[in-house]
Participant: 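Structure provided below as structure tokens; questions to follow.
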Amino acid sequence: LQFVSRRPIPTINMRRLSDLLVPINLFLLLFVSSRTTWAFLLHFDQKQRKFWIRQTRNDCDNDIASVKRRRLLAKCAPALTSVIIVNPSHSEMPTEDKSFLFVNKNDSWIIPLKWIPSLNAYVLYFSLFGERFGAIVDTGSPFLTVPSYCDARRWGCFRPELTESSGLSDTIEIFANNQGPVVWRKADFSFSKSSNTTTPVVFGVLGEELMDGPGGVNFGLIKNAAPRIRPSILGQLRNIKAFQICLKSNSKDSNAETTAINQRGLNSQSFLTLFTKSIIVGNNYIPLVTDLNRRYRDPVQHYAAVCKSIRIDGRLLEPKKFHRTYVIFDTGVTGMVVSQTLFDERYVAARQNKEKRLWGGPVEISFETNSPGEVITLEAIKPVTTPLSQTPWGAGFQANLIVMGLAFLEGHTMTVDIDDQKLQIS
């Protein structure tokens, strides 16, 4: 397959091109400009009508970029010299028919997690109507969701004929500032494709609008939600009362990290454990609060706590407008999201102190534990920080809000006793 055009070709028949490329799925582009030789791995997604590109040049700021097909061809065709078709050498979705479920003495479920660099997220795998699926482990969401199309390499293939009606109407949901339709279906669920024990669960099928960007395909760990909200996945499983997420070892640096772990004799696998009983003992835990749900009508019961202090580059940030700051622990977020008021106050403080960095230094967020005088501090170096686009839960929300992501939780084990409202960091 070779393009030799020296000018843009906006009138190309896109339907015929997509018919040609769909069976290929993954191929390599090489083209040369007057200064630089560029190489891309190109994956075509028929449902989203987009190319997904991985650029091999080292100074690329974003590893993955999504470009509309017409724009991509119009821009690249003049310089494109050849297209070489190759077979994919790596698939993010496990292909072996092996179990992902382990049951120990305490009748708990231990599910391995996999770090996916292109998502900046941890993913677990499960079986739905006999098909294998992947989803981001998300402590900031209650739902189990899948895409409405087939993406066997990453998420799995939705087959509506193997599901049944949930009896629930479709909804419009908002994930990571994306809004789109969700169809609620029902099917048998298990953590192992080969398991003989399944549980019928209600899950969300995401429209393409919700797949265009971050967020969306999640295994939510929020159990409790308002009756008007669709069923949570933990609420449908067997009497889950606590969970633990171990993020102490991952494969971001597959050489140095794995070597160091193996030398210590530790398990290099991150994992999620679901428990049928409370497991936190003693007073060394952060008390969780239900204010967001009860006072401000948050439709789900986020795992949230009141922070004691915030330090940035060693300087104490003292909010002026609202003195109380709630922190949501959310493994579905990479860095940190803060309410607009707090974001603006940090900007003013940085200007007054003539600081060169807004959130670029160490960010430390501290919490009081249930043990008098003991404080737990979580730190992140240069966390990607964005302001909330709108006031959460309406104008009546009179407090600051921080959504704390993986930048703070990486390297720790987070344990949550759901019914007892306790959170422990170790």
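Predicted model, so just to flag it, every value in this text is computed and none were measured.
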Participant: Which pairs count as salt bridge (Lys or Arg N to Asp or Glu O under 4.0 Å) when at least one residue sits in residues 324-341, sequence neighbours excluded?
Facilitator: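 As it turns out, the salt bridge (Lys or Arg N to Asp or Glu O under 4.0 Å) pairs with a partner in residues 324-341, which skip direct neighbours, are Asp291-Arg324.
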Participant: Under the side-chain contact (heavy atoms from CB on, under 4.5 Å) criterion, do Leu388 and Leu401 qualify, and how do the steps go?
Facilitator: CA-CA 9 Å; Leu388 284 170; Leu401 181 68; 3.8 Å; yes
Participant: Set out, in order, the CA-CA distance, both residues' side-chain angles and the distance that settles side-chain contact (heavy atoms from CB on, under 4.5 Å) for Leu168 and Val202, then state yes or no.
Facilitator: CA-CA 9 Å; Leu168 300 171; Val202 174; 4.0 Å; yes
Participant: Please find the pair of heavy atoms, one from Gln424 and one from Val281, that lie closest to each other, and give the distance.
Facilitator: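 Nearest pair, atom of Gln424 first, then Val281: NE2-O, 4.2 Å.
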Participant: Which value, rounded to the nearest 0.5 Å, describes the distance between Phe158 atom CZ and Phe129 atom CZ?
Facilitator: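 Separation between the atoms: 6.0 Å.
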Participant: Would you call Lys320 and Glu345 a salt bridge, using N to O less than 4.0 angstrom?
Facilitator: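 Between Glu345 and Lys320 there is no salt bridge, as every charged N stays at least 4.0 Å from the carboxylate O atoms.
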Participant: Given 3.5 Å as the limit, does a donor-acceptor pair link the side chain of Thr331 with the main chain of Val137, or not?
Facilitator: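 Yes: the side chain of Thr331 pairs with the backbone of Val137.
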Participant: In the structure I gave you, are the side-chain heavy atoms of Asp170 and Pro181 within less than 4.5 Å of one another anywhere?
Facilitator: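 No; the side chains remain at least 4.5 Å from each other.
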Participant: If you measure from OH on Tyr122 to CG on Leu113, what distance do you get to the nearest 0.5 Å?
Facilitator: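 Tyr122 atom OH to Leu113 atom CG measures 8.0 Å (nearest 0.5 Å).
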Participant: Does the side chain of Val333 come within less than 4.5 Å of Ile328's, by heavy atoms?
Facilitator: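 A side-chain contact under 4.5 Å is absent here.
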Participant: Within a strict 4.5 Å, meaning less than it, do heavy atoms of the Thr290 and Gln421 side chains meet?
Facilitator: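 They are in side-chain contact.
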Participant: How close do Gly220 and Ile233 get, counting heavy atoms only, and between which atoms?
Facilitator: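 That closest heavy-atom pairing would be O-CG2, 3.0 Å.
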Participant: Considering all heavy atoms of both residues, which atom of Asp417 and which atom of Ile280 are nearest to each other, and what is their separation?
Facilitator: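 The pair with the smallest heavy-atom distance is OD2-N, 3.1 Å.
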Participant: Side-chain donor-acceptor pair under 3.5 Å between Thr276 and Asn239, yes or no?
Facilitator: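 No donor-acceptor contact under 3.5 Å links the two side chains.
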Participant: Measure the spacing between CG of Leu221 and CZ of Phe143 and express it to the nearest 0.5 Å.
Facilitator: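 The CG atom of Leu221 sits 13.5 Å away from the CZ atom of Phe143.
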Participant: Quick check: do Leu292 and Gln301 have side-chain heavy atoms less than 4.5 Å from each other?
Facilitator: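 No, too far: nothing below the 4.5 Å cut-off.
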Participant: Is any side-chain heavy atom of Leu288 closer than 4.5 Å to one of Val416?
Facilitator: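 Touching, per the 4.5 Å side-chain cut-off.
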Participant: Supply the atom-to-atom distance Ser426 OG to Tyr285 OH, rounded to the nearest 0.5 angstrom.
Facilitator: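 Those atoms lie 16.0 Å apart.
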Participant: Test Thr341 against every option in Lys321, Gln398, Arg346 by the side chain to side chain contact (heavy atoms under 4.5 Å, CB included) rule and name the one that passes.
Facilitator: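 Going through the options one by one, the only one that passes is Lys321.
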Participant: Any heavy-atom pair between the side chains of Leu378 and Val327 that's under 4.5 Å?
Facilitator: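 The answer is no; the side chains never approach within 4.5 Å.
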Participant: Quick one: do the Ser118 and Arg154 side chains pair a donor with an acceptor below 3.5 Å?
Facilitator: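 Yes - a donor-acceptor pair under 3.5 Å links their side chains.
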Participant: Would you please say whether a donor-acceptor pair under 3.5 Å links the side chains of Ser270 and Trp115?
Facilitator: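 Note: Ser270 and Trp115 side chains miss the donor-acceptor criterion.
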Participant: Treating Ser165 as the side-chain partner and Gly167 as the backbone partner, does any N or O pair qualify as donor plus acceptor under 3.5 Å?
Facilitator: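 Looks like yes, one N/O pair under 3.5 Å.
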Participant: What are the two closest non-hydrogen atoms of Ser278 and Ala242, and how far apart are they?
Facilitator: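 Closest approach of Ser278 to Ala242, heavy atoms only: CA-CB, 4.5 Å.
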Participant: When you compare the side chain of Ile286 with that of Lys422, does any pair of heavy atoms fall below 4.5 Å?
Facilitator: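 The answer is no, as the side chains (C-beta and beyond) never meet within the 4.5 Å cut-off.
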Participant: Aromatic rings Phe219 and Phe191: how do their planes relate, parallel, tilted or perpendicular, breaks at 30° and 60°?
Facilitator: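 Answer is tilted, since the angle falls between 30° and 60°.
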Participant: Taking Phe243 as the fixed residue, which of Phe275, Tyr303, Trp109, Phe329 is the one that meets the ring pair (Phe, Tyr, Trp, His ring centres under 6.0 Å) rule?
Facilitator: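 When ring pair (Phe, Tyr, Trp, His ring centres under 6.0 Å) is applied between Phe243 and each of Phe275, Tyr303, Trp109, Phe329, only Tyr303 qualifies.
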Participant: Is the side chain of Ser232 donor-acceptor paired with the backbone N or O of Lys223 at a distance under 3.5 Å, no angle test?
Facilitator: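 Judged by distance alone, yes, a pair lies under 3.5 Å.
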Participant: Let's go through Trp359 and Val384 carefully: what are the C-alpha distance in whole Å and the side-chain angles of both, what is the deciding distance for side-chain contact (heavy atoms from CB on, under 4.5 Å) to 0.1 Å, and is it a yes or a no?
Facilitator: CA-CA 8 Å; Trp359 306 94; Val384 176; over 6 Å; no
Participant: What's the spacing between Ile310 CD1 and Leu342 CG if we round to 0.5 Å?
Facilitator: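 So the gap between those two atoms works out to 5.0 Å.
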Participant: Determine yes or no for a side-chain-to-main-chain donor-acceptor pair under 3.5 angstrom, with Asp298 supplying the side chain and Val300 the backbone.
Facilitator: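 Checking the backbone N and O of Val300 against the side chain of Asp298, a donor-acceptor pair under 3.5 Å is found.
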Participant: Is it true that Glu164 and Lys186 have a side-chain N and a carboxylate O under 4.0 angstrom from each other?
Facilitator: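 No salt bridge links Glu164 with Lys186.
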Participant: Can you see which heavy atom on Leu358 is nearest to which on Ala350, and at what distance?
Facilitator: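 Minimum heavy-atom separation between Leu358 and Ala350: CD1-CB, 3.9 Å.
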Participant: Phe126 and Gly134: which non-hydrogen atoms are nearest, and at how many Å?
Facilitator: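 Phe126 and Gly134 have their closest heavy atoms at CE2-C, 4.1 Å.
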Participant: Roughly how far apart are Phe189 CZ and Leu144 CG, rounded to 0.5 Å?
Facilitator: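 Phe189 CZ to Leu144 CG: 6.0 Å, rounded to 0.5 Å.
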Participant: State, yes or no, whether a side-chain contact exists between Phe408 and Thr377 at a heavy-atom distance under 4.5 Å.
Facilitator: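 Result no, sub-4.5 Å side-chain heavy-atom pair not found.
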Participant: Step by step, would you call Leu247 with Thr413 a side-chain contact (heavy atoms from CB on, under 4.5 Å)?
Facilitator: CA-CA 6 Å; Leu247 305 177; Thr413 295; over 6 Å; no
Participant: Checking Ser141 side chain against Asp138 main chain: does a donor-acceptor pair fall under 3.5 Å?
Facilitator: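 The answer is no, because no donor-acceptor pair under 3.5 Å joins these two groups.
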Participant: Hey, does the side chain of Arg132 reach the backbone of Ala152 with a donor-acceptor pair shorter than 3.5 angstrom?
Facilitator: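 Judged by distance alone, no pair lies under 3.5 Å.
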Participant: Between the side chain of Ser148 and the main-chain N/O of Leu206, is any donor-acceptor distance below 3.5 Å?
Facilitator: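 Between the backbone of Leu206 and the side chain of Ser148 there is a qualifying donor-acceptor contact (under 3.5 Å).
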